[in-house]
Protein chains: 2
Amino acid sequence: MMENKSISDLIEAYLKEILGDSAQIEIRRSEIANHFDVVPSQINYVIKTRFTIQNGYLVKSKRGGGGYIRIERVNLLDNIDVLNSLIQTIGDSIRERDAFAIVQTLYDEKVITQREGDLMLVALAKQTLDVGNTDVEARLRARVLISLLNRLRYES
Amino acid sequence: MMENKSISDLIEAYLKEILGDSAQIEIRRSEIANHFDVVPSQINYVIKTRFTIQNGYLVKSKRGGGGYIRIERVNLLDNIDVLNSLIQTIGDSIRERDAFAIVQTLYDEKVITQREGDLMLVALAKQTLDVGNTDVEARLRARVLISLLNRLRYES
DNA sequence: AAAATAATGGTCAGTATTAGTCAGAACAAG
DNA sequence: CTTGTTCTGACTAATACTGACCATTATTTT
């Protein structure tokens with residue numbers, strides 16, 4: 001077993017080094033690329049493979065003058081099991097009443113507050129998502145609900 | 001790491017600084033431009049991108065001798081007129097970035113908590129609402145956002 | 001008054017400066 | 001050799017900045 005780390009590994013370690021105890025860092029893609037003498041897009045590769053939400057990182061960026069890439073460490077919450085099992089029952093399509101039941105479950109399990117639940121209900125309501133096609137609407141609802149559930153897995 | 005802000009960011013911060021707790025300020029475009037050593041039209045750029053109604057600001061101006069640009073801070077939900085004009089600018093279609101700006105403003109005004117804002121953001125995100133058609137997506141986003149706003153409006 | 005001039009701000013298209021995407025080449029492990 | 005990972009670069013997208021030209025209002029001159 002060789003100790004030969006890839007450059008991507010070194011970049012990962014470097015970023016985590018300067019992250020240190022900070023909640024977040026802002027870097028310039030070209031600077032990091034320059035520092036390691038690689039093409040800029042490799043920084044995207046490193047971020048995409050090593051700073052995912054599953055690993056507890058949120059990444060945001062801005063282009064143009066004064067642009068940056070911000071890497072933020074987030075706390076993964078411990079309701080993951082509840083959320084995972086709920087996401088599984090959704091599939092790629094869900095009716096309004098079933099979505100509402102899931103929100104109710106979240107509230108019962110104290111994963112969300114009442115107000116958060118109310119906002120979720122509005123976003124999932126037939127009235128809001130109706131696009132004239134019941135199938136499309138149910139798929140859309142599933143996407144919205146899954147996005148919401150995934151967001152509940154962590155906090156910034 | 002380093003804070004590499006663009007000049008537009010600095011101008012934005014400066015204007016918000018002198019705005020302070022005041023309801024409004026009146027500036028001279030050429031003065032600000034001079035202060036930061038940029039062309040006057042960049043002030044228009046900063047205002048157009050950072051002091052929109054979505055961001056919670058109303059801007060009026062007058063040309064000619066004694067001309068000025070007035071920047072006024074407004075509350076989105078408290079003021080019926082402001083909310084109506086906001087909903088009007090949303091219309092039946094809105095881009096992700098404009099929707100995000102509105103949610104940010106609601107958070108800044110303490111109308112919603114950070115977590116509520118985060119949930120709203122994912123419900124409005126391109127990733128969530130993308131249905132393969134940009135127009136349909138933007139219309140959906142408008143409906144979701146207006147539903148959420150109305151929910152917040154009639155709650156308090 | 002009317003006309004000219006001065007003193008403002010507005011618009012828009014073009015350039016500059018960042019980051020993102022994606023397909024494919026290069027490389028490493030089995 | 002096969003498969004999965006790393007690395008590259010051409011192309012794309014988003015944001016910032018600039019300057020020439022336009023529009024509006026106030027002031028001065030005739």
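Letters A, B, ... are given to chains in the order of the sequence lines, protein chains preceding strands, and every chain is numbered from 1.
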> Should we count OH of B/Y107 as having more than 12 external heavy atoms under 6.0 Å?
no

> When you compare the protein's N or O atoms with those of nucleotides 1-3 of chain C, which come within less than 3.5 Å of each other, and at what distance?
none

> Of all of residues 46-60 of chain A, which get a heavy atom below 4.0 angstrom from DNA chain C, listed by number?
none

> Looking at every strand, decide which applies to A/S41 at a 4.0 Å heavy-atom threshold: base, sugar-phosphate, or nothing.
base

> For the atom pair CG (B/L140) and OG1 (A/T128), what is the distance rounded to the nearest 0.5 Å?
9.5 Å

> By the salt bridge (Lys or Arg N to Asp or Glu O under 4.0 Å) test, which pairs, at least two apart or in different chains, include something from residues 43-53 of chain A?
A/D9-A/R50, A/E12-A/R50

> Any salt bridge (Lys or Arg N to Asp or Glu O under 4.0 Å) pairs touching residues 147-156 of chain A, not counting sequence neighbours?
A/R151-B/D118

> Okay, side chain of B/N150, backbone of B/I146: is any donor-acceptor separation there less than 3.5 Å?
yes

> When you check the phosphate oxygens OP1 and OP2 of C/dG20, does a side-chain N or O of A/S61 lie under 4.0 Å from one of them?
yes

> List, one per line, each side-chain donor-acceptor pair under 3.5 Å for residues 24-37 of chain B, sequence neighbours excluded.
residue : atom : partner : partner atom : Å
B/E26   : OE2  : B/R70   : NE           : 3.1
B/E26   : OE2  : B/R70   : NH2          : 3.1
B/R29   : NH1  : B/N44   : OD1          : 2.7

> Which is true for A/V38 with a 4.0 Å heavy-atom rule: it touches a base, it touches only sugar-phosphate, or it touches nothing?
sugar-phosphate

> Can you list every salt bridge (Lys or Arg N to Asp or Glu O under 4.0 Å) pair that touches residues 101-116 of chain B, not counting sequence neighbours?
A/R115-B/E116, A/E116-B/R115

> Can you run down the ring-ring contact (aromatic ring centres under 6.0 Å, His included) pairs that involve residues 56-92 of chain A, sequence neighbours left out, and say none if there aren't any?
A/F51-A/Y57

> Counting any heavy atom closer than 4.0 Å, what does A/I69 reach on the DNA or RNA strands: base, sugar-phosphate only, or nothing?
sugar-phosphate

> Heavy atoms of chain B, cut-off under 4.0 Å: which first and last nucleotide of DNA chain D, 5' to 3', fall inside that, if you could look?
D/dT15 to D/dA26

> Using the side chain to side chain donor-acceptor pair (under 3.5 Å) criterion, which residues pair with B/N75? Sequence neighbours excluded.
none

> Each nucleotide N or O in nucleotides 16-18 of chain C that has a protein N or O under 3.5 Å away: list the pair and distance.
residue : atom : partner : partner atom : Å
C/dT18  : O4'  : A/G64   : O            : 3.4
C/dT18  : O2   : A/G64   : N            : 2.8

> With ILVMFWY side chains joined below 4.5 Å, transitively, what does A/Y154's cluster contain besides itself?
A/I53, A/L58, A/V74, A/L76

> Tell me every residue that passes side chain to side chain donor-acceptor pair (under 3.5 Å) with A/Q54, counting only those two or more places apart in sequence or in another chain.
A/T52

> For a side-chain contact (heavy atoms from CB on, under 4.5 Å) check, start with the C-alpha distance between A/I112 and A/V103, then their side-chain angles and the critical distance, and finish with the verdict.
CA-CA 9 Å; A/I112 58 173; A/V103 174; 4.0 Å; yes

